[in-house]
Amino acid sequence: MIGFFFSNRHSSDFWLAMEDARRPLLPAKRQNTMQIAGRDGTLSLGDETYETSPIPVDICFISDNVENLQKVAREIAHWLSGKGRLIFDDEPDKHYQAVVYGQIDTEQLIRFKRATVTFECQPAARSNRLNQELSNGIASGHTTLIENSGTHHTGGTIMITNTGNVAINNIRITRRALHR
């Protein structure tokens, strides 16, 4: 069975597997409209933004020999109480910024060894390559391509650190949108 990483821990650390995750193909577009008195319909303000996406994940214990299920359930609650990156095993190159706001039914998890966790995620999957560190250095005249393999156009930050004694100059950064 497959699982997921959340907040730098894998579900298997808690003897959990993912039975199902209902990920939206496209998040709901935010409706940014205005009604004008005396005019039919609404005026679209053309904002191309999206709502957050709930992603329900059905989890189950993968071991019948988990001792002290109540203690493990508390550890799971602590793990899921924060926010962080959510990475599914079947899409390891993408992540969602996620947080769990809803409750998790402890009785369901302890008694039936199953539960549903709903992650509230920022609108789209993001590429893990956008958060990479190139620690081996970049030689003069070298081109490094950083591609967004996520599902939404996103900005990014490029930080360049000079670890040597010679000044860095003549740096050129080119941004181009690749149309799919």
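What you are looking at is a predicted structure, and each value in this text was computed from that prediction instead of being measured.
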Any donor-acceptor pair under 3.5 Å from Ser7 side chain to Gly84 backbone: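 Not a single qualifying donor-acceptor pair exists.
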Name all residues meeting the side-chain contact (heavy atoms from CB on, under 4.5 Å) criterion together with Ala21; count only those two or more places apart in sequence or in a different chain, and write none if there are none.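 Testing Ala21 for side-chain contact (heavy atoms from CB on, under 4.5 Å), a comparison that skips the adjacent residues, returns Met18, Arg23, Val57, Phe88.
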Identify, with sequence neighbours excluded, every residue that meets side-chain contact (heavy atoms from CB on, under 4.5 Å) alongside Thr33.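 side-chain contact (heavy atoms from CB on, under 4.5 Å) check on Thr33 returns Thr42.
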ring-ring contact (aromatic ring centres under 6.0 Å, His included) involving Phe5 - partner list, sequence neighbours excluded: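 Counting only residues at least two positions away or on another chain, Phe5 forms a ring-ring contact (aromatic ring centres under 6.0 Å, His included) with His10.
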The criterion is ring-ring contact (aromatic ring centres under 6.0 Å, His included); which residues satisfy it with Tyr96, sequence neighbours excluded?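 With sequence neighbours excluded, Tyr96 shows a ring-ring contact (aromatic ring centres under 6.0 Å, His included) to no residue whatsoever.
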Got a sec, which pairs hit salt bridge (charged side-chain N to carboxylate O under 4.0 Å, His left out) with one end in residues 24-46, sequence neighbours left out?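 Residue pairs with at least one partner in residues 24-46: Lys29-Glu48, Arg30-Glu51.
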[X] vs [Y] side-chain heavy atoms within contact, under 4.5 Å:
{"X": "Cys121", "Y": "Leu86", "result": "yes"}
{"X": "Trp79", "Y": "Asp13", "result": "no"}
{"X": "Phe6", "Y": "Phe119", "result": "yes"}
{"X": "Val117", "Y": "Val100", "result": "yes"}
{"X": "Phe14", "Y": "Arg9", "result": "yes"}

Quick check for you: to the nearest 0.5 Å, what is the distance between [X] atom [atom1] and [Y] atom [atom2]?
{"X": "Ile59", "Y": "Leu80", "atom1": "CD1", "atom2": "CG", "answer": "6.5 Å"}
{"X": "Ser11", "Y": "Ile62", "atom1": "OG", "atom2": "CD1", "answer": "7.0 Å"}
{"X": "Phe61", "Y": "Leu69", "atom1": "CZ", "atom2": "CG", "answer": "5.0 Å"}
{"X": "Glu75", "Y": "Gln70", "atom1": "CD", "atom2": "CD", "answer": "11.0 Å"}
{"X": "Arg126", "Y": "Ile87", "atom1": "CZ", "atom2": "CD1", "answer": "13.0 Å"}
{"X": "Lys113", "Y": "Leu16", "atom1": "NZ", "atom2": "CG", "answer": "12.0 Å"}

Co-members of the apolar cluster containing Val166 [side chain, <4.5 Å]: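 Members other than Val166 - counting any ILVMFWY side chain reachable under 4.5 Å - there are none.
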How would you list, by chain and number, every residue that makes a side-chain hydrogen bond (donor to acceptor under 3.5 Å, both in side chains) with Glu19, sequence neighbours excluded?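 Applying side-chain hydrogen bond (donor to acceptor under 3.5 Å, both in side chains) to Glu19 gives Arg114.
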For Gln108, enumerate each residue passing the side-chain hydrogen bond (donor to acceptor under 3.5 Å, both in side chains) test, keeping only those at least two apart in sequence or located in another chain.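 With sequence neighbours excluded, Gln108 shows a side-chain hydrogen bond (donor to acceptor under 3.5 Å, both in side chains) to no residue whatsoever.
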Tell me every residue that passes salt bridge (charged side-chain N to carboxylate O under 4.0 Å, His left out) with [X], counting only those two or more places apart in sequence or in another chain.
{"X": "Glu120", "result": "none"}
{"X": "Asp89", "result": "none"}
{"X": "Arg22", "result": "Asp20, Asp58"}

State, to 0.1 Å, how close Ser53 and Pro27 come at their nearest heavy-atom pair, and which atoms those are.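 Closest approach of Ser53 to Pro27, heavy atoms only: OG-CB, 3.3 Å.
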Joint hydrophobic cluster, Phe112 plus Trp15, side-chain heavy atoms closer than 4.5 Å: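 The answer is no; the residues belong to distinct hydrophobic clusters.
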Co-membership, hydrophobic cluster, residues Val99 and Ile76, 4.5 Å side-chain: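 Unlinked, Val99 and Ile76 end up in two clusters.
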Using a 6.0 Å cut-off, check whether atom CD of Gln31 has over 12 heavy atoms from anything other than its own residue.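 Open: at most 12 neighbouring heavy atoms sit under 6.0 Å from CD of Gln31.
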